[in-house]
Amino acid sequence: MACSATAKIIHNPLLLSSSRSAEKSDSCCKMLGPSSFLGSTSMSKKLVSVNKGASRVSRRSANVVAVSSDVVKEKKLKSSSAASSLLITKEEGLVLYEDMVLGRAFEDMCAQMYYRGKMFGFVHLYNGQEAVSTGFIKLLKKEDCVVSTYRDHVHALSKGVPAREVMSELFGKTTGCCRGQGGSMHMFSKEHNLLGGFAFIGEGIPVATGAAFTSKYKREVLKEDCDEVTLAFFGDGTCNNGQFFECLNMAALWKLPIVFVVENNLWAIGMSHLRATSDPQIWKKGPAFGMPGVHVDGMDVLKVREVANEAIARARRGEGPTLVECETYRFRGHSLADPDELRDPAEKAHYATRDPITALKKYILENNLASEAELKAIEKKIDEVVEDAVEFADESPVPARSQLLENVFADPRGFGIGPDGKYRCEDPKFTEGTAQV
Amino acid sequence: MLKILRQKAAAAPLLRTVVLSSRNYSASAKEMTVREALNSALDEEMSADHRVFLMGEEVGEYQGAYKVTQGLLQKYGPERVVDTPITEAGFTGIGVGAAYYGLRPVVEFMTFNFAMQAIDNIINSAAKTNYMSSGNISVPIVFRGPNGAAAGVGAQHSQCYAAWYGAIPGLKVLTPYSSEDAHGLLKAAIRDPDPVVFLENELLYGESFPVSEEVLDAGFSTPIGKAKIEKEGKDVSIVAFSKMVGFSLKAAEILAKDGIDAEVINLRSIRPLDRSMINASVRKTNRLVTVEEGFPQHGVGAEICALIVEDSFDYLDAPVERIAGADVPMPYAANLERMALPQVEDIVRATKRACYRSIPMSAST
C-alpha cells in the first residue's frame with residue numbers, strides 16, 4: 001500500500017519534467033521533492049532524517065544518493081505490479097479537470113474584463129497555480145474551512161462559491177458574494193466556509209489557526225461530533241512574516257486540525273524568494289516547530305492531491321498540523337497592474353511547459369480515463385459558465401445608496417443585547433429615550 | 001426602564017424597607033471592587049454559554065496578570081481558559097478566527113499597549129469583517145485589558161487607546177468606570193455579536209463601589225452606546241470616561257463649594273458615542289468641559305468638542321474646554337508623571353475658566 005503508492009508517484013509521467021529552472025542554485029531541492037512525502041506513516045521520520053542530512057555542507061550529495069536508491073527500488077517494484085494502479089478514477093479525474101479549467105477560464109476572463117474597465121482596483125490572478133487549489137480543496141467537505149489571501153478567486157470557486165457570485169463581486173455589484181462590499185481581495189462565504197480573502201499577507205494564517213482551534217474546541221469542550229479541518233493558503237513571501245511562525249508554534253503546541261499550504265511561486269511581487277529568505281526551503285520550517293514539513297511539486301495536481309489527502313487525514317485524526325510547500329508558478333504578474341518585468345522569460349517559458357492543466361489532460365488521455373471529446377465538452381461547458389457569469393454580473397444592479405451604512409455591526413443599532421437575549425433597539429421603551437441607565 | 005441608584009443616593013444610611021415590593025431594590029448595596037465585578041461577569045457569562053472562552057497571557061495558572069481571571073481556570077479547565085505564548089498577533093488572530101467560525105472568545109491583553117502588536121488583527125480582521133463580507137461573517141469577540149496610565153510604568157506602558165479604537169467603524173469601544181459599569185458592560189460585550197474593545201483601568205481594579213442587587217442578577221447587562229449621568233447639575237457639563245470620572249466627581253465636589261453646580265457624565269461607551277445625551281446636557285448647562293487621560297491631539301475630547309459645535313453651537317455660552325494628558329510620552333519620575341496626567345485641580349481650573357470665573361491662562365501655568 002504505501003510502497004505501491006510511492007511507486008505510482010515516482011512513475012507518474014509528470015515527474016520527469018519536474019525541476020526548478022536553472023537559476024535556482026540549490027539543486028538538492030529537486031531531488032528532495034519526491035522523497036519527502038514517501039508514505040504517510042514514515043513521513044515525519046523521513047523528514048527528520050532528511051533535515052539532519054541537510055545541515056551538513058555536503059548535504060546535497062548525501063540526500064541525492066538516499067533518494068535515488070529509493071527511486072530505483074520503487075521503479076523495479078512498479079514494473080512488476082499490475083497496470084491498474086492509477087491515482088484517480090474517471091469521475092475524480094473529470095472533477096479535477098473541470099475545476100482547473102474553471103479556475104483558468106475564470107481568471108483569463110477577469111483579465112479581459114479588467115482591461116475593459118468592468119473590474120477595478122487590485123486584481124490578483126491565479127493562472128498556473130490551479131493544481132494547488134484543486135488538489136487540496138476538492139478533498140474537503142463543505143464544513144471544512146478555507147482561508148486564503150488576496151489571490152482568492154480560484155480558492156472561492158474550488159470551494160463551491162458559484163462563478164456568478166464571484167464575478168458579480170468583482171464587478172462590485174450587489175449580487176456578489178459579499179454584495180459588492182468586499183471586492184477581489186475579500187471573498188467571504190459563510191455557506192461554503194470560505195473565511196476570507198485577506199489583503200495583508202500573513203493575516204489569514206492566524207484566522208485559519210483560530211478556525212482550527214474552534215474545531216478542536218467543539219470536539220473537546222462542546223462535545224460535538226466535529227472533525228472539521230482548516231486549510232490556510234499563503235505564499236512564499238509570507239513565510240518570512242512573524243505571524244506565520246507564531247501560528248506554526250501554536251498549531252503544533254495545541255495540535256490543531258490545520259494544514260498550512262505554502263504556494264511557493266518564487267516571487268513576491270518583484271522580490272525573488274531567494275533574495276528574501278535566508279533558507280529558501282520552506283518545508284524545513286515545519287519540523288523546527290514540531291510538525292511534518294512536506295515539499296511537493298505544485299504543478300502536478302495528482303501529486304498535490306496525494307499529499308493533501310494524507311495531511312488532511314492527519315488533521316482529521318487529531319494528529320495535528322502539517323506544513324506543505326507546493327512548488328508552483330504564476331503565469332501572470334503579481335496583479336493586473338504589475339508589468340512583470342523582473343522575471344526571466346526563460347523561466348516563464350520553462351514553467352509554461354509544465355502547465356498543470358495540460359499535464360492532467362495528458363495523464364487522463366494516456367491512461368484512457370476519458371476521451372478527447374469528453375474533455376472538450378468540459379471545456380465548452382466551462383466557457384459557457386464563465387460567459388454566463390459575466391452576463392449575470394453585467395446585468396446585476398450596483399448596490400443601493402442605503403447599502404453604504406449597512407453591516408457595520410451585526411447589531412442593528414449598536415446598543416447591544418438586553419437581558420432577554422434580544423437586541424435592545426427592539427425594545428420600544430429603550431428607543432424612546434426615556435430609559436434611565 | 002431600569003432604575004439604577006445613583007452613587008450619591010447609595011451613600012445613604014443602611015435602610016431595609018421590608019414593606020416595598022421585590023422590584024424596589026434596597027439602597028444598602030453590596031460593595032464590590034472592579035476586579036471582582038469583572039471576574040464575576042466573566043464567570044457568569046462562561047457558565048451561561050459554553051462557547052465563551054478566555055485566551056491571553058497568564059490568564060490561567062497565574063490567575064491573571066492583574067488577578068482579574070482568578071479562579072476561572074480551576075472552575076472551567078484549561079481548554080476554556082487558555083494560557084498563550086507571548087504572541088499577541090498570533091493569538092489575537094486565532095481568537096478572531098475562532099469567532100469567525102462560531103465561538104465567542106474573550107482575548108485578554110496584559111495591557112492595551114501590547115495590543116499594538118495585534119492591531120492589524122483587531123482592526124482589519126475583526127472590525128472590518130462584518131462589513132467586507134456584507135453580514136456573512138460576524139465576529140463576536142471581546143478584546144479586554146487595562147488601558148491608560150498606571151503608576152510609574154513609563155512611556156511604553158501608559159498610553160490610552162480610546163481615541164485610536166474609537167475611530168474605527170465596526171468596533172464597539174467601552175470604557176467602564178465603576179464596578180457596576182465593569183460588570184454590566186462586560187456582560188453586554190460578551191453577549192454582543194460584534195467585536196468589542198473593552199478598555200479597563202489598572203488603577204481602578206482595586207477600587208470599591210456599591211452595586212445594587214439588580215446588577216448582581218445573572219441576567220443583567222448594561223446597554224452599549226448609552227452614557228450615564230453620574231451627578232446632575234445645571235452650570236457646566238463635565239464629560240469623562242474611565243478613571244477621569246472619579247476625578248471629575250471630586251472636582252465637582254470642590255466646585256460645589258464655589259457655587260458651581262457641575263453635571264458629570266460618565267461616557268461608558270466611546271463607540272457608539274452617546275451624542276444625544278451629551279448634546280442634551282450641554283443644551284441644559286450651556287458649557288462643556290471634556291476630560292481624558294490620553295494624548296490631546298485627535299483625542300476623544302476633540303471629537304466631543306467637534307460634535308457639540310456641529311449640533312449645539314447656538315447653546316454654547318463659552319468656548320469648549322478640553323483637558324487631556326500632556327503631549328509627551330509618559331515620563332517616569334513621579335512628579336513629572338503627575339504633571340503629565342490631568343489632576344483634580346486641572347479639572348477645577350478648566351471648569352472655572354468655562355464659567356468665566358477665573359482669568360484665562362494657558363494650561364501649563
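Scope of the values below: all heavy atoms of this structure, side chains included, with no hydrogens, waters or symmetry mates. In what follows, every chain begins at residue 1, and chains take the letters A, B, ... in the order their sequences are listed. Since this is a predicted model, take the numbers as computed values, not measurements.
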Between [options], who has the most heavy-atom pairs with chain A when the cutoff is under 4.5 Å?
{"options": "B/Val196, B/Leu171, B/Asp217, B/Val96", "value": "B/Leu171"}
{"options": "B/Gly93, B/Ser134, B/Pro169", "value": "B/Ser134"}
{"options": "B/Gly97, B/Ala218, B/Gly95", "value": "B/Gly97"}
{"options": "B/Asn124, B/Ile137, B/Asp192", "value": "B/Asn124"}
{"options": "B/Thr92, B/Thr87, B/Val82", "value": "B/Thr87"}
{"options": "B/Gly219, B/Pro193, B/Gly225", "value": "B/Pro193"}

Could you tell me which portion of [X] (side chain, backbone, both or neither) has an atom closer than 4.5 angstrom to a non-hydrogen atom of chain A?
{"X": "B/Asn121", "value": "side chain"}
{"X": "B/Val139", "value": "neither"}
{"X": "B/Glu88", "value": "backbone"}
{"X": "B/Ser138", "value": "side chain"}
{"X": "B/Tyr76", "value": "neither"}

Option in [options] with maximal non-hydrogen atom pairs under 4.5 Å from chain B:
{"options": "A/Asn193, A/Leu256, A/Val147, A/Leu195", "result": "A/Leu195"}
{"options": "A/Glu406, A/Lys190, A/Glu220", "result": "A/Lys190"}
{"options": "A/Ala211, A/Pro206, A/Gly197", "result": "A/Pro206"}

ring-ring contact (aromatic ring centres under 6.0 Å, His included) between A/Phe213 and B/Phe53, worked out: CA-CA 11 Å; A/Phe213 183 93; B/Phe53 71 97; 5.0 Å; yes
Please check if the side chain of [X] supplies one atom and the backbone of [Y] the other of a donor-acceptor pair under 3.5 Å.
{"X": "B/Asp194", "Y": "A/Ala410", "result": "yes"}
{"X": "B/Tyr131", "Y": "A/Leu404", "result": "yes"}
{"X": "A/Asn407", "Y": "B/Asn130", "result": "no"}

Quick one: do the B/Arg51 and A/Tyr217 side chains pair a donor with an acceptor below 3.5 Å?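 A/Tyr217 and B/Arg51 do not have a side-chain donor-acceptor pair below 3.5 Å.
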Describe, in one word, how the ring planes of B/Tyr100 and A/Phe198 are oriented to each other, choosing from parallel (under 30°), tilted (30 to 60°) and perpendicular (over 60°).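 Plane angle under 30°, so parallel.
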Less than 4.5 Å to any heavy atom of chain B: does that hold for the side chain of [X], its backbone, both, or neither?
{"X": "A/Ser189", "value": "backbone"}
{"X": "A/Leu222", "value": "side chain"}
{"X": "A/Lys216", "value": "neither"}

Shortest non-hydrogen contact between A/Ser215 and B/Tyr101, atoms and distance: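 That closest heavy-atom pairing would be OG-CE2, 4.0 Å.
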A/Arg424 and B/Thr222: CA distance, side-chain angles, deciding distance, side chain to side chain donor-acceptor pair (under 3.5 Å) verdict: CA-CA 10 Å; A/Arg424 282 197 196 261; B/Thr222 310; over 6 Å; no
Listed by residue number, which members of residues 155-179 of chain A have a heavy atom under 4.5 Å from any heavy atom of chain B?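 Answer by number: A/Cys177, A/Cys178, A/Arg179.
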Within residues 243-253 of chain A, which residues come under 4.5 Å of chain B, heavy atom to heavy atom?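 The residues closer than 4.5 Å to chain B, in numerical order, are A/Gln243, A/Glu246, A/Cys247, A/Asn249, A/Met250, A/Leu253.
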Nearest 0.5 angstrom please: B/Ile94 CD1 to A/Ile205 CD1, how far?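 Nearest 0.5 Å value for the CD1-CD1 distance: 11.0 Å.
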